Amino acid sequence: MRAIEQDRFGGPEVLNLVEVDRPEPGPAEVLVRVHAAGVNPTDFWHRATGGLLGQPVRLGWDLSGVVEAVGVGAALFRPGDEVFGMPRLPQAAGTYAEYVTAPSRHLARKPAGLSHVEAAGLGLAGLTAWQALVDVAGVQPGQRVLVHAAAGGVGHLAVQIAKARGAHVIGTASAAKHAFVHGLGADEVIDYTTTDFAKRLHDLDVVMDSIGGEYGPRSLRTLRPGGILVALASPAETYLEEQAAQQGKRARFMIVEPDAAGLTSLAGLVGTGQLRVEVDTVLPLDQVAKAHEIGQTGRTKGKIILTL
Ligand SMILES: NC(=O)c1ccc[n+]([C@@H]2O[C@H](COP(=O)([O-])OP(=O)(O)OC[C@H]3O[C@@H](n4cnc5c(N)ncnc54)[C@H](OP(=O)(O)O)[C@@H]3O)[C@@H](O)[C@H]2O)c1
């Protein structure tokens, strides 16, 4: 099968198209024929530095495809089932490949209303938004929720999820993307290039921050007492937990985890028309370097997807 591999860290040019053996599903695993694989900033980080894993790995955590074979004991799926998801993270999943094995409970059935290209953009980014807003922050109807980078892969799904939970949603984005973010259901959109959100907003219940750096402490300032900041950008942000506590607020740094129940909830929102996936760019697998070059500009609207 064809797959993308790298034998050293570096820029997009280290990514090579190679021919490798097709994997076999182990116990409780399925073998998926990948139709589309999502591209995420964590892919750029792992390509360049090894990220959480410290060594070059086959990249890619997002997939949508069709079950080709089931390992012993993987009782949930049969060959031919359409699935999507985000297997194995924080271990390598290697979805930049024609076939991939995954623990069966790291996947869920692909919503009928999404193409493989769209579903490949929902796993990692959708689970991040779901776990941050629903599991960690526990967003309630009527709460005021700030979503930073509201036009991005995670942000555009977070806006829709928070709306579906009945929240009042405020997003940050540059002016050219305001119509898009309003169209997702955001009640207010702040142009972060001209307006200091930390001066404009106060008494928020929840902030989801994927930007990091000084956005963390500035976001804390916008929370009400007892409000919560979910930080996503860097493990270094655990320092915010103590800083928040000193202000009578809460902060949590979170890493997204495989989560079939979360995937099923996301699929449910797709089914009720409350969640859609914006696709910025679609490229074939052999143009993975171009996909990374576009993605690491940090300016995309929605998701970048590789097709196989
Ligand atoms: N902890 C975890 O488990 C986890 C999981 C997923 C992602 N993340 C992290 O979250 C971050 C975002 O991921 P993503 O997939 O959403 O990235 P992405 O799709 O590349 O985000 C691109 C978007 O970010 C917006 N943006 C850039 N700088 C901004 C700023 N200062 N204020 C507001 N918006 C800004 C851009 O809008 P403009 O063009 O308008 O600037 C663009 O639409 C990454 O750092 C990623 O590593 C962490």
Side-chain angles (χ1 to χ4, degrees), residues 38-49 51-52 59-62 86 88-91 93 120-133 135-137 146-161 170-184 186 188-198 200-201 207-216 218-219 222 229-238 240 251-259 262 277-281 291-305:
V39 173
N40 291 284
T42 197
D43 305 357
F44 317 145
W45 184 44
H46 282 84
R47 184 206 69 225
T49 71
L52 296 166
L59 293 177
W61 278 272
D62 269 333
M86 183 210 68
R88 300 195 193 275
L89 196 145
Q91 303 304 314
L122 188 54
L124 191 148
L127 283 180
T128 302
W130 180 269
Q131 291 172 7
L133 294 174
D135 298 341
V136 178
L146 171 61
V147 174
H148 283 303
V154 176
H156 89 289
L157 299 170
V159 167
Q160 297 172 78
I161 290 166
I170 306 153
T172 57
S174 60
K177 290 174 178 150
H178 282 206
F180 170 64
V181 177
H182 275 300
L184 299 168
E188 301 173 48
V189 189
I190 292 177
D191 181 356
Y192 69 90
T193 67
T194 58
T195 306
D196 180 353
F197 69 88
R200 166 107 167 253
L201 300 170
V207 181
M208 193 196 86
D209 177 32
S210 62
I211 303 287
E214 38 106 44
Y215 267 55
R218 286 172 63 212
S219 292
T222 67
L229 166 66
V230 187
L232 299 169
S234 159
E237 295 184 294
T238 48
L240 290 166
R252 295 284 182 276
F253 168 70
M254 186 203 93
I255 295 176
V256 63
E257 296 180 56
D259 176 5
V277 179
E278 174 76 12
V279 176
D280 181 283
T281 305
H292 275 219
E293 279 159 20
I294 295 169
Q296 60 193 17
T297 64
R299 295 276 88 82
T300 47
K301 190 171 87 179
K303 297 297 304 176
I304 298 175
I305 307 294

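Keep in mind that what you see is a predicted model, and the values were worked out from it rather than measured. When a ligand or atom number is given, it counts from 1 through the structure's own listing order.
- Across Arg47 and Leu59, no two heavy atoms sit closer than the pair CB-CD1, 3.7 Å.
- With a 4.0 Å cut-off on non-hydrogen atoms, Val154 touches ligand 1 through its backbone as well as its side chain.
- In this structure, Glu278 and Leu184 have side chains that are not in contact, with every pair of non-hydrogen atoms separated by 4.5 Å or more.
- Of the heavy atoms in Ala233, none comes closer than 4.0 Å to ligand 1.
- In this structure, the separation between CG on Asp196 and CZ on Arg218 is 4.5 Å, given to the nearest 0.5 Å.
- Residues Val154 and Val256 fail the side-chain proximity criterion, which asks for heavy atoms closer than 4.5 Å.
- Among protein heavy atoms, atom 29 (C) of ligand 1 sits closest to Ile211 CD1, 3.3 Å.
- Of the candidates Gln296, Met86, Lys303, Arg299, Arg299 brings a heavy atom nearest to atom 27 (C) of ligand 1.
- Every atom of ligand 1 is numbered from 1 in the order shown, and the set under 4.0 Å from a heavy atom of Ile255 is 1 (N), 3 (O).
- For atom 36 (C) of ligand 1, the closest non-hydrogen atom on the protein side is Gly298 O, 3.3 Å.
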Requested in this report: Let me see the working for Tyr215 and Ser210 under side chain to side chain contact (heavy atoms under 4.5 Å, CB included), right down to the final yes or no.
Outcome: CA-CA 9 Å; Tyr215 267 55; Ser210 62; over 6 Å; no
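- Atom NZ of residue Lys177 and atom CG of residue Asp191 lie 11.0 Å apart, to the nearest 0.5 angstrom.
- If you take CG on Leu157 and CG on Leu133, they are separated by 10.5 Å, rounding to the nearest 0.5 Å.
- Looking only at protein heavy atoms, the nearest one to atom 21 (O) of ligand 1 is Gly152 CA, 3.7 Å.
- Geometrically, ligand 1 and Phe253 share no nitrogen or oxygen pair separated by less than 3.5 Å.
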**Report entry** Steps toward side chain to side chain contact (heavy atoms under 4.5 Å, CB included) verdict (Thr42, Leu52)
**Finding:** CA-CA 9 Å; Thr42 197; Leu52 296 166; 5.7 Å; no
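- In this structure, of Glu237, Lys301, Lys177, the residue bringing a heavy atom nearest to atom 37 (O) of ligand 1 is Lys177.
- Nearest-heavy-atom check against atom 43 (O) of ligand 1 across Thr300, Val181, Leu124, Leu157 picks out Thr300.
- From the protein, the heavy atom lying nearest to atom 4 (C) of ligand 1 is Leu232 O, 3.8 Å.
- Looking at heavy atoms from C-beta onward, Leu240 lies out of side-chain contact with Phe253 at the 4.5 angstrom threshold.
- The proximity of Tyr215 to ligand 1, defined as any non-hydrogen pair under 4.0 Å, is limited to the side chain.
- Between Phe44 and His292, the ring-plane angle classifies as perpendicular under the 30° and 60° cut-offs.
- Ile305 has its side chain out of reach of Asp62: every pair of non-hydrogen atoms, C-beta onward, lies at least 4.5 Å apart.
- Of the protein's non-hydrogen atoms, the one nearest atom 41 (O) of ligand 1 is Tyr192 OH, 2.3 Å.
- Taking 4.5 Å as the limit, some side-chain heavy atom of Leu232 sits within range of a side-chain heavy atom of Met254.
- Contact annotation: for Asn40 versus ligand 1, there are no heavy atoms closer than 4.0 Å.
- Of the polar atoms of Ser174, at least one N or O is found under 3.5 Å from an N or O of ligand 1, judged by distance alone.
- For Val256, heavy-atom contacts with ligand 1 shorter than 4.0 Å involve the backbone as well as the side chain.
- Protein heavy atom in closest approach to atom 1 (N) of ligand 1: Met254 O, 2.7 Å.
- For atom 18 (P) of ligand 1, the closest non-hydrogen atom of the protein is Gly153 N, 3.9 Å.
- Of all the heavy atoms of His148, none lies under 4.0 Å from any atom of ligand 1, so neither backbone nor side chain is involved.
- Residue Asp280 comes nearest to Gly302 through the heavy atom pair CB-C, 4.4 Å, listed as atom of the first residue, atom of the second, then distance.
- Of all atoms in ligand 1, numbered sequentially from 1 with element shown, those under 4.0 Å from a heavy atom of Ala151 are 43 (O).
- Distance check: Leu122 CG to Trp130 CH2 gives 11.0 Å after rounding to the nearest 0.5 Å.
- Nearest protein heavy-atom neighbour of atom 5 (C) of ligand 1: Thr128 OG1, 3.2 Å.
- Checking Ala158, Ala149, Ala173 against atom 24 (O) of ligand 1, the nearest heavy atom belongs to Ala149.
- Comparing heavy-atom distances from atom 17 (O) of ligand 1 across Gly38, Ser210, Pro41 singles out Pro41 as nearest.
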